[in-house]
Each structure stands twice: as C-alpha cells, then as structure tokens.
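Just so we're clear, the structure is a prediction, and the values are computed from it rather than from any experiment. A note on names: the letters A, B, ... follow the listed sequences, proteins ahead of strands, and every chain is numbered from 1.
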Amino acid sequence: MYIFDSHQKKKLPFTPLQKGKVKLYVCGPTVYDNAHLGHAKSSLVFDLLRRVLVANGYDVTYARNITDIDDKIINKAKESGKTIKELTDFYTEAFHKDMQAIGVQKPDIEPKATQSLEAMQQMIQKLLDNNHAYQTPSGDVYFDTQSDSEYLTLSNRVQNEEEKQNRVESSQEKKNSADFALWKSVQDGTISFDSPFGKGRPGWHLECSAMIEKHLAYDDLEYAIDIHGGGADLLFPHHENEAAQTRCSTNHQLAKYWIHNGFVNIDGEKMSKSLGNSFFLKDALKEYQGEVLRFYLLSTHYRSDFNFNTQDLESAKKRLDKLYRLKKRLFGLEVKEEQTPFQTKLLEALSDDLNVSFAFALIDEMVTNANEILDTKGKHKELKRQTLANLAYIEKVLGFGQQNPFEYFQFGIDETTKEKINTLIEQRTQAKKAKDFALSDKLRDEILAYGVQLMDTPSGTFWEKV
RNA sequence: GGUGCUAUCGCCAAGUGGUAAGGCCGCAGCCUGCAAAGCUGCUAUCCCCAGUUCAAAUCUGGGUGGCACCUCCA
C-alpha cells in the first residue's frame, strides 16, 4: 500500500508502526452547525482509507473526535438560548445521521472534548513543567513556539520576521506572536472548567493531541499513531500545533504519516454560508440519495480540490446507475464470496494512494464486460457467480451498491404514485399483448409524465425515475 | 508579500520517461413494434517557449493562467 504523506510531500510505501495494525486519527467536526459538503468529503475520504486498509488485512483502529468545546459553540448557545449540551447533542446527532446517509461507517472511537479535559490538563501541565509553555498574568497558558526547534517543520513554513512584526496581536502578553493558547482563562464566570491553571477552557489544538494520547497512542514507539488525517486547511496551524504539543509533552512524535484531503468548492466558488442551500449535506440529501453523493464526492482524487456542481453530479449518478442496472440483471441470485482477478486489480488501484479514478474505470470495465456476456445467449453460470462476488466486493470496499437495485431507481417517488405507475404498466402490457401500439405508447407517455422511464426486458417491464 | 498546489478531448478525470484509461455528452450501427436499457464502432498528442534524452503529457529552466494556505475553517 502507498500513501502520499503531506509532511514529506511524496508518495511513500505504507509500513505500520506495529505489524498488521493501523492507528488512524482524523479531525472531526466542531458541532455548532450542520455538516457541509466539505465535512462529507473529508469523512468519505477517510472512510474509504479505512476500508482499503481493512481490505489489505490491517487491524485498523479509527478514531474521529467530536469537538464540543469551542468559542463558536458558546456563542451560538448564547444566541439561541440553548445550553451547550443541548446544542452539541443536537448537532452531533445530526452529524451522525448525515454520515450514515452517505455510507460512512462509524469510527471505532469517537472521543469528545468534554470527556477528555483531564487528559488535556495533564498535557498542559507537562508542557509547563518542560518549559514549553507559560502562563500569563491574566491566566492564559500559551505554547512557547520558540522552545520547539521543530516548530513549522510539518507544514514546511518559515517564520517571517516582517509578518511577525506587522501582525496585530490580540494578546500583548504572548512571548512570540506565533504562540498559541493551550488554556484560555475565563474570568466572567460564563462557560468554563476548573483546572490547576484556574477557571477556563482548553485551546482547540490541544484537544486532538490530548485525545490521541488518551485513546489511541502507543506508549513506547517513535510515533504515537500511524496516520493522522484531516482537511487541507488543517495542516497549518492546527496540525502543526498538535504535532508540537505532542512532541514536546511526550516521548514521541505525533504521526508517522499525514494525510490531507482537498477542498470542496461549489460552482467554482469557495463554500460560504451566503451561497445557500447546497452548502449543507442535509439539503443535498433532500434532492439526491446519499449513495449518489458518496459516489460523486469520492469520484475524484482525494487530494485535488473538488468542484461541486449539479452537472457533474448527474453525470456521476449515471455512472452509478450502470452498476445498479447490472445488479438488477442479477437480482435474486445467491451471492458467495469468491476471489477474482478484478478484485485484486481493484484493491491494487485503491491501495495506490486511493486511486479511485482508476478503480472506477476498472468497475466500468467489469460492468461492461458482464453486460456484454449476459447479452449473448447462454447460461453464464460462472460469470454470474463471479460478477455477484465482484459486486459484493465493491460494496464492501467502496460502499457502493448496498441498496435493493429496484428501490435505488425509485428514489423520491411516493407509494401512491408507485401504485399508479404499476397500474399503468399493467394496462400497457395488456395493450402490447393485443398489439395496440398506439394505446401502449399513449400509456407510456402518461407514465413518463411522472418523471419515470420504462424498460422492456425479457423478464418484464421495469421503471426508473429519470 | 511568503509558502505550496495545479494546467490532459465540449464537460468530469486517470496516467509521473517508451509512444494518451474511464465516465458524461455527441454521431453511426446492432437489438426493440417503436423506445428505454444493453452492446459495438468513432472523437484529444496532453497551456506556451527552451532544454535534457534514442525516447517527455510525464524530467529541468523560463513564461502565462487557475487555485489554496498564511494562526476561525473539513
């Protein structure tokens, strides 16, 4: 298996810290609002990575956190008159629901910041003891970036003197402008936690480092975990700061490999709330099935930026439709696991830094090939068996094709309409039998008016939503 | 200003030294009562210039365009 490490900036052979095991940590959402398409993309990428690691035989422990302490959360709670817990519980649940809709498997561990305060405070204490952190007169605790000779090596940045001098600082008490907060003192008695450093709240960067140490890390190895992932925007400062905190407070580096996924833009523009509806995953899910969104969002390489637009989404849907039509042709047959050359090639493609484009091309080829043979006369017992095994493999590793193929094509059509359509189809079949093609075509037009197209096959007439 | 990424058919998008995958759209054909679906066939020399090489989309240098990050952010 090969993965691109965004620290070394090159594709590397993947060798886990401990044979056969992988520890994977991904930065999860701050639960103050609904998940947007960017969250979806990131979650999908690492869901796929995890599945591919598992398919390669690794015993994977996957952790994705929930950030439920944050200024944005506190502000929103104040505005809405809800408690922090009401708010974060609501959005955490919404996040889970959205993720389920697009086929993202649950992580093995889902730590919350509020449940990891002790670990965070321990880490701050260590950093204070090691002189990597300092407390200001007003009670804030900052990480001393000057004390870490490796600071900025993860993101390959250079401290810029001009920038440092020009930037207006929010706190005059910091030793260096680059220093970041580990603990923010809260004096006004609003939302705060007790700690050895006084009442306050933890800094965002600290959360991930502490949770990794508490829930996931190896104690005695050079790195705490194998892979750390997240959106491209997190490389700096978030991951840079995480890495610094971990290396200065423990005896190991944070992660052996760093993986960052590209951004999602909408119609060529950076996502922003002002763009409206399509911004949230839950809104996109009203119009498109989760699986189609999954297929579309995964269809290009994870490191490229992704330009979300309806035209490409429709084009992706048509590609997924073909997989389901093949499934329809083999509906009802018994599925048994069976290793095929196709599966080997598919896994090989995915194991090459998640080359989904190539993997998709292999699927297209497999589908076309199966259709071609099924079109010829004959029993094709072996082909059917292998094709079913291949479809099941795609379902497991990529998460596509898990639905009933007939229901897949009926998304968004209510039961009453379905009954009407079926009645009309029955009438049309009778008309066809009687060779009354004028009536048959008239009935087909009526059915088409429901946004449904018909397909006459040897085993009957089927319909699909257009 | 700093740092980094990127430029392949109408659209999306693989390919990182050996002579351009795949999907959507389009055209032609097979199949079909007609369609739809499915199948077959057809459509690019890879932003520009220079260089390295027997050989470059793929490496190097320069140019032009696009994008991202620079302490809120998946």
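- Take A:D441 and apply the side chain to side chain contact (heavy atoms under 4.5 Å, CB included) test, not counting sequence neighbours, and it matches A:R444.
- Within residues 87-94 of chain A, no residue has any heavy atom under 4.0 Å from RNA chain B.
- Contact check of residues 450-458 of chain A against RNA chain B (heavy atom, cut-off under 4.0 Å) returns A:Q453, A:L454, A:M455, A:D456.
- Using modelled atom types and a 3.5 Å distance limit, the side chains of A:E242 and A:H238 yield a donor-acceptor pair.
- Checked against B:G4, B:C69, B:A74, the side chain of A:R157 finds its nearest nucleotide in B:C69.
- Looking at heavy-atom distances under 4.0 Å, A:H238 makes no contact with the nucleic acid at all.
- Residue-to-nucleotide contacts include no donor-acceptor pair under 3.5 Å from the side chain of A:N355 to the base of B:G15.
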Given side chain to side chain donor-acceptor pair (under 3.5 Å), test A:N371 with A:R329 step by step and report yes or no.
-> CA-CA 9 Å; A:N371 274 324; A:R329 292 184 85 166; 2.8 Å; yes
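- Side-chain proximity of A:R428 to the nucleotides B:C24, B:C34, B:A74 is greatest for B:C34.
- Backbone-only contact: A:K318 has heavy atoms under 4.0 Å from sugar-phosphate atoms and none from a base.
- If you check distances only, the side chain of A:S357 never reaches the base of B:G15 with a donor-acceptor pair under 3.5 Å.
- Nucleic acid contact for A:V264: base, since at least one base atom lies under 4.0 Å from a heavy atom of the residue.
- The side chain to side chain contact (heavy atoms under 4.5 Å, CB included) check on A:F342 picks up A:T340, A:L346, A:L362, A:I363, A:M366, A:N390, A:I394, with sequence neighbours excluded.
- A:G38 comes within 4.0 angstrom of a base, heavy atoms only.
- Across all strands, A:F180 comes closer than 4.0 Å to no nucleic acid atom at all (heavy-atom distances).
- Among residue pairs with one or both ends in residues 356-369 of chain A, those qualifying as side-chain hydrogen bond (donor to acceptor under 3.5 Å, both in side chains) are A:R319-A:D364; sequence neighbours excluded.
- Residue contacts shown for A:S440 include a base, since a base heavy atom lies under 4.0 Å away.
- Look at A:F437 and the base of B:G33; the rings stack, centres closer than 5.5 Å and planes less than 30° apart.
- Among the heavy atoms of the strands lying under 4.0 Å from A:N371 are primed sugar atoms or P, OP1, OP2 only; no base atom is included.
- Below the 3.5 angstrom threshold, one finds no donor paired with an acceptor across the side chain of A:R444 and the base of B:A36.
- Residues satisfying the salt bridge (Lys or Arg N to Asp or Glu O under 4.0 Å) criterion with A:D312, sequence neighbours excluded, are absent altogether.
- Comment: A:D140 does not engage A:K174 in a salt bridge, judged by the lack of any side-chain N to carboxylate O separation of less than 4.0 angstrom.
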